[in-house]
Structure formats: structure tokens, C-alpha cells
Amino acid sequence: MAELALNNSAAAPAAPPGILSMLQRGAGAPLLLLAVLAMVVLPLPPLALDVLFTFNIALSVLVVMAVVNVARPLDFGIFPTVLLLATLLRLALNVASTRVVLLHGHEGTSAAGHVIEAFGQFVVGGNYAVGIVVFAILTIINFVVVTKGAGRISEVSARFTLDAMPGKQMAIDADLNAGLINQDEARVRRAEVRAEADFYGSMDGASKFVRGDATAGILILIINIVGGLGIGILSHGLGFSDAARVYTLLTIGDGLVAQIPALLLSTAVAIIVTRMSRAQDLGGELSKQLFRQPRGLAVAGSLLGVMGLIPGMPNLAFLLFGGACGAAAWILRRRARRAAVAASAAVPAPPVPVNAEQRELSWDDVQPVDQIGLEVGFRMVPLVDKAQGGELLARIRGVRRKLSQELGFLVQSVHIRDNLELAPNAYRISLAGVAIADGAIHPDRELAINPGRVFGKPPGIETRDPAFGMDAVWIEPAMREHAQTLGYTVVDASTVVATHLSSVIQAHAHELLGHEEVQQLLNGLAKSAPRLVEDLVPKALPLGVVVRVLQGLLAERVPIRNLRAIVESLAEHAPRTQDPQVLQGQVRIALGRQIVQDIVGSGAELPVITLEPDLEQLLQSSLQGQNAGNAAIEPGLAERLQARLAESATRQEGAGEPAVLMVAPPLRSTLARFTRATVPNLHVLAWNEIPDNRRVRLIAAVGR
């Protein structure tokens with residue numbers, strides 16, 4: 001029986017799709033447009049007008065509730081379209097109701113439906129003079145106050161959002177380069193920036209619909225009253241007073257039925273354009289920011305109490321609300337004191353230190369040196385403490401993750417400790433116990449960095465970006481949007497420290513790679529290529545030589561993530577030499593495609609700077625017979641060469657292209673070491689490192 005029932009149910013035909021499924025397939029908007037066109041062209045019965053006017057009011061209330069309850073304006077991104085469709089629906093209803101009022105108004109106040117009659121009779125008491133005044137007041141509130149203010153805010157928000165787009169994009173790129181976010185997160189944030197610009201641009205245009213709708217409501221009211229008087233007197237023989245009473249009440253009812261939803265939608269527009277871009281609960285934030293200030297409530301209660309004691313004033317009302325404000329202030333102060341007592345009780349007592357003289361020394365008392373250390377002043381401690389909302393630890397973790405992926409080995413943990421000897425806002429970065437870099441920040445401010453082209457200067461504390469030395473200003477968080485509109489890249493204090501740490505680690509990556517790290521890399525490669533690793537270490541090369549080769553690559557900003565190609569090149573040339581400099585040159589040839597791609601990307605053309613033939617010949621002659629690792633250039637020639645290379649590199653960077661010096665293979669390692677500290681933005685390549693699929697474009701030739 002069960003099987004038979006199952007077969008019968010499976011053979012039953014599927015139910016036809018309903019209205020909901022049609023709407024889900026995207027047929028809702030075309031059907032609504034057809035319905036609006038039908039209301040404009042075809043006459044509607046009074047019952048249909050009642051249903052549609054009720055639906056219009058319900059739709060307006062629903063939109064207002066959606067705007068109030070949405071977390072962010074972008075979460076209701078369809079709002080401009082909803083606003084347009086609701087405006088078209090209301091205007092179509094005005095046309096349909098006008099037709100019914102003018103055709104059948106002489107039959108009585110119920111000729112256009114019970115909704116219009118109720119608004120004309122009950123809301124304004126059947127007095128058309130009162131109705132005109134009420135309608136005029138609602139129209140003034142909507143047109144002059146709400147719609148005008150919302151339109152101005154929409155216009156300013158759209159302009160500021162569009163002006164701030166370049167700064168926001170650069171801030172996303174800065175977070176991506178610092179390792180604070182990955183590619184997927186950067187893609188999502190860029191899409192949010194574009195969506196925000198589109199939303200506020202659409203809201204700027206949609207606010208014009210609302211303003212035009214308010215103007216149309218006034219004109220429709222005047223036209224209906226004049227037309228109704230003419231039709232009632234000339235066509236139906238009504239007296240002036242009867243025609244004025246009937247048609248004016250119907251027109252006022254029709255206008256109020258349309259004006260109230262218009263006022264609701266205008267309010268919704270004003271609410272959503274005055275919301276902040278970040279996610280927030282409107283009701284919770286209103287209660288938190290307005291009614292959770294004991295001092296404000298106490299002052300308000302005192303003023304109301306004083307006004308309640310003045311003779312002739314409504315004493316009961318003022319005293320009642322004054323007492324309510326005072327009681328609320330007292331409750332909030334009491335709750336704050338309880339929270340402070342609970343927080344102080346939750347702090348554990350510091351442990352009693354064990355007297356060092358009561359125990360013998362051991363090897364545990366010899367603390368190892370931190371490979372990467374970060375010392376902070378006491379005002380920076382909240383940035384490190386998660387309990388206080390500090391984000392520095394998470395950002396440093398993102399920096400380590402990104403650099404480990406880019407460089408090709410696991411970057412060691414960063415040991416953070418406070419140092420009372422530092423200034424309160426200062427920090428210091430150390431490698432192997434030696435201070436390498438330092439800086440100072442303002443934890444309660446944000447850093448607006450000048451990327452090179454800005455349109456003003458925000459108020460704040462002028463400084464320089466500690467990571468790259470660019471001009472910057474420490475600004476208040478409230479000035480973030482303004483600074484972005486001026487073209488600045490704005491980052492918080494945690495990002496400043498994390499970016500500085502990232503640049504220091506990248507510059508000293510070769511010092512962080514040791515025997516243990518290289519052994520871990522070889523162990524990982526041995527899982528996929530065991531024979532390759534076994535033939536190299538220790539059969540062909542000792543581990544120390546491999547370490548020196550990898551350190552040399554990192555010192556020249558060549559990542560070692562393609563470890564298989566590196567090991568294969570070492571295994572190929574190890575039988576002929578064990579000189580780390582020579583082996584490093586052979587590995588660079590094997591990694592030529594990767595090196596060039598990291599410099600210029602996927603373009604087919606490589607702009608290069610070369611040496612003039614006589615200078616290149618002179619350098620080769622002077623370095624001939626010298627050890628590659630200890631070769632030196634004559635001091636006078638070195639000074640002139642350094643100045644000319646720095647000038648050419650700066651010119652290349654100003655043109656938006658990388659600075660690449662192409663030389664003969666015997667000169668590459670010496671010139672790379674010579675320019676590493678003096679011209680750090682210059683890449684030195686040998687001509688045999690450039691892959692065949694790249695075209696070389698000569699930019700300049702440096703001479704003596």
C-alpha cells in the first residue's frame with residue numbers, strides 16, 4: 001500500500017506555479033509596471049481604489065520598518081529602486097482617483113471609495129477648510145523640511161563617497177600589502193566600496209523623485225479642486241457651495257491618502273542617508289548614545305523640575321518627566337559603580353615572586369634571544385590587549401602569514417613586551433636582540449598618508465610614515481572620511497605598526513633564515529621529491545652552503561618559495577663548484593622568469609638601465625682576479641656611479657616604472673651588493689637572467 005501511494009504521488013502532475021514563484025523568477029517588476037500603466041489608462045472601481053490605497057500605505061510602513069531595522073544602508077541596496085516604484089504607484093493612484101472623483105464626485109463623498117471618504121470625513125472632521133490647512137501643513141513638512149534635507153544629505157554623501165573612493169582603494173591595497181587581509185577579503189572590500197558609491201549616487205537621484213512627488217501632490221490638489229468645481233457646476237448643475245464641499249472633501253481625502261505614504265517614504269529616505277556606513281543597530285545605538293548618559297539625564301531632569309515649580313506652568317507634566325529623568329540618571333550611575341566594583345574584584349592579585357636566592361641557577365635562567373622583538377610604550381598596551389579591543393596581535397599574525405607565503409619560509413613569531421624606558425607612544429623593533437627600527441604613534445588617532453597627490457591637508461599632527469617615510473598627518477577618527485576625500489590613505493595605529501614591522505622583516509629576511517628553517521624546508525620538499533633532497537644534502541653540498549645560497553637570494557629580494565627549482569639548480573652545479581656566490585648566480589638564472597615577473601609583472605617588455613661599454617669594461621678590469629664576495633670599486637668611481645644610478649632609479653620611479661640595471665654576469669653580484677644600501681629601489685640583473693619571452697627596452701646608459 002505504501003509503495004502504491006508513493007507511485008501515485010510521483011505520477012501526480014505538478015501544481016501550476018503561483019504568484020510567489022513568478023515573483024521569485026523576476027516577473028514582479030514587469031507585472032508592477034503593467035499594473036501602474038493599467039491604473040493610468042483604465043478606470044478603476046471604488047473597491048479597487050480602496051485595496052490599492054491600503055496597499056500603498058502598508059508598503060510605505062513596511063519600507064520605513066525595513067530602513068529602521070537594517071544594519072547598514074548597503075544591506076538595503078535595492079531601496080532607490082523601491083522608492084522609484086513606490087512613487088510611480090502613488091502617482092498612478094492619483095491619476096486613477098482623479099478620474100473617479102471628477103466622473104462620479106457628484107454622487108457623494110463615497111463615490112471614490114471608502115478610504116478617500118474616511119480621510120475626507122474622519123481625519124479632517126468633514127470640514128474642507130480644515131482639510132486644506134492639514135494638507136498644506138503635511139506638504140510643507142514633507143517638501144520644505146524632510147525632502148529638502150534628505151536631498152541635500154544625499155547630494156553631499158554621493159559627492160563625498162565618490163571623492164573618497166581613491167583613498168579607500170589605496171587603504172585596501174595598503175592592508176593587502178601589509179598582510180592584514182588576503183585577496184578574497186580585498187576583493188570583497190573593493191566590491192563594497194563600489195556598491196557604496198553606486199548606492200549613494202542612486203540615492204541622490206532617487207531623492208529628486210521624492211521632491212518631485214511632493215510638488216506633484218500640490219499641483220494635483222489645485223487641479224482637482226478647480227476641475228471638480230467646474231464639472232460639478234457646469235455639467236451636473238450643482239451649486240457652488242455644494243460643489244465646493246463635495247469635490248474639495250474628495251480631493252482633500254485623495255491628497256491625504258497619497259501624502260501620508262509620501263511623508264513616510266521621505267522619512268525613510270532621510271533615515272537611510274543619515275545612517276553611518278558601518279553596521280549598527282539603530283534602536284540600540286539611539287538608546288546607548290542618547291539615554292545612557294547620566295550627566296545629561298540629570299541636567300535635563302533638573303531643568304524640567306525647575307520649570308515644573310514655576311506657577312502657571314503644567315506642573316504635573318514637568319515634574320513627572322523631571323522625576324523620570326532624575327531616576328534614570330540615578331539608576332545609570334548606580335549600575336556604572338557596580339560594574340566598576342565587579343571589574344576591580346575580577347582582577348587577580350599578582351603572584352608572589354619566589355626569592356631568587358632560595359634556589360640554584362639553572363639553564364632555564366638563560367633566556368634565548370628573540371629573533372623578532374617588538375617593544376612598546378605603556379600607552380600602546382591597549383593595542384596589544386585583546387580585552388581592550390586591541391587589534392595589533394591579529395594584524396601582526398596577518399603580516400607573518402603573508403610574508404611566509406611570499407618569501408617561502410615560516411617567519412618566526414614576534415615577541416611583544418612593554419618597555420617603560422621607551423616614550424609612552426614609542427615602539428622599537430629588534431632582530432636577534434638588536435634594535436633595527438623605531439617609531440612613535442598616537443593610539444587614539446589615525447594616520448592619513450599622502451600618496452603623492454592630495455587636494456588639501458586635514459587638521460592634525462604632521463609626521464612621516466615610519467615604514468616608507470612619506471608625509472602624513474595624525475588625524476582624529478571622525479576626520480577619516482574627510483581625509484579620504486582629499487586623497488589621503490587613512491590607516492589606524494595598529495596598521496601603522498604592522499606595516500612598519502612588515503617592511504623591516506622584508507628588508508632583513510635573510511637574517512631570519514637559519515639552518516633550522518632550511519632543514520624544515522628540505523624536509524617538506526623531501527615528502528614530494530625525496531631522491532632530489534637526498535642527492536643534494538649532504539652528498540653534494542653541506543647544509544651550510546645551501547643556507548648561504550638561500551640567504552643570498554633573500555638579501556637580493558628574491559623569494560625562495562620555488563624551492564624545487566632552487567634545489568634542482570644546486571644539484572646540477574654542485575659537482576663543479578661549492579662557492580655560494582657562483583651557485584647563487586646559477587640559481588638566479590634558473591629563477592629568471594620568477595625574478596622578472598616579480599619586478600614588472602606579466603608585461604612583455606622590461607625597461608632597463610645599462611652601463612656604457614667603457615665603464616663596464618673598466619669595472620670588469622678592476623674586479624678581475626678579486627674574490628667575488630670581497631670585490632671593491634675605486635672610491636671616486638664608486639661615488640660617481642652611486643650618484644648616477646640613484647638619479648636614474650629616481651627618474652624611473654617617477655615615470656611609474658621599476659628601476660632595473662642590466663649588466664654582464666661577472667659584475668652582477670658586486671654591483672648588487674654595492675647598490676643594496678645606497679640605491680635600495682634598484683634591481684640588478686645579469687643579461688642571462690632575463691627569459692627569452694621578455695623584450696628589453698633601453699631607458700638610459702650610465703657612464704663615468
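Both backbone and side-chain heavy atoms feed into the values below; hydrogens, waters and symmetry mates do not.
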Side-chain heavy-atom pair [X], [Y] within 4.5 angstrom cut-off:
| X | Y | result |
| --- | --- | --- |
| Q597 | P691 | no |
| W687 | R668 | no |
| Y427 | L501 | no |
| T610 | E616 | no |
| V384 | D418 | no |
| L611 | L619 | yes |
| V558 | V587 | no |
| F455 | T485 | no |

For the [atom1] atom of [X] and the [atom2] atom of [Y], what is their distance to the nearest 0.5 Å?
| X | Y | atom1 | atom2 | value |
| --- | --- | --- | --- | --- |
| I461 | I475 | CD1 | CD1 | 11.0 Å |
| L641 | L615 | CG | CG | 6.0 Å |
| H683 | I599 | NE2 | CD1 | 5.0 Å |
| S502 | Q506 | OG | CD | 4.5 Å |
| N450 | D465 | CG | CG | 11.0 Å |
| E446 | D492 | CD | CG | 6.0 Å |

N/O donor-acceptor pair under 3.5 Å between [X] side chain and [Y] backbone:
| X | Y | answer |
| --- | --- | --- |
| Q578 | V545 | no |
| R557 | P680 | yes |
| T670 | L667 | no |
| E605 | R695 | no |
| S503 | H500 | yes |
| R561 | E406 | yes |
| Y488 | G456 | yes |
| E517 | Q412 | no |

Can you see which heavy atom on [X] is nearest to which on [Y], and at what distance?
| X | Y | result |
| --- | --- | --- |
| P459 | M479 | CD-CE, 3.6 Å |
| L554 | F409 | CD1-CE2, 3.6 Å |
| L525 | V567 | CD2-CG2, 3.7 Å |
| M380 | N425 | SD-O, 3.7 Å |
| P451 | M470 | CA-CE, 3.5 Å |
| Q586 | S569 | O-OG, 3.5 Å |

Could you walk me through whether L553 and R588 pass the side-chain contact (heavy atoms from CB on, under 4.5 Å) check?
-> CA-CA 8 Å; L553 292 173; R588 286 181 60 93; 3.8 Å; yes

Does the side-chain contact (heavy atoms from CB on, under 4.5 Å) test come out yes or no for V518 and V537, once each step is laid out?
-> CA-CA 11 Å; V518 174; V537 179; over 6 Å; no

Considering the options I372, T499, I429, which one meets the side-chain contact (heavy atoms from CB on, under 4.5 Å) requirement together with V504?
-> I429

Pair [X] + [Y]: basic N to acidic O under 4.0 Å:
| X | Y | answer |
| --- | --- | --- |
| E476 | R445 | yes |
| E568 | R564 | yes |
| E657 | R697 | yes |
| K457 | D471 | no |

Which is it for T577 and L583 under the side-chain contact (heavy atoms from CB on, under 4.5 Å) test, yes or no, and what are the steps along the way?
-> CA-CA 7 Å; T577 180; L583 292 174; 4.0 Å; yes

Option passing side chain to side chain donor-acceptor pair (under 3.5 Å) with Q584 (candidates Q551, E556, R548) =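 One option only clears the test, and that one is E556.
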
Within 6.0 angstrom of R593 CZ, more than 12 heavy atoms from elsewhere =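 Result for CZ/R593: open.
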
Does Q519 CD have over 12 foreign heavy atoms under 6.0 Å away?
->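 Enclosed.
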
Pair V399-V411, side-chain contact (heavy atoms from CB on, under 4.5 Å): steps then yes or no = CA-CA 9 Å; V399 167; V411 176; over 6 Å; no

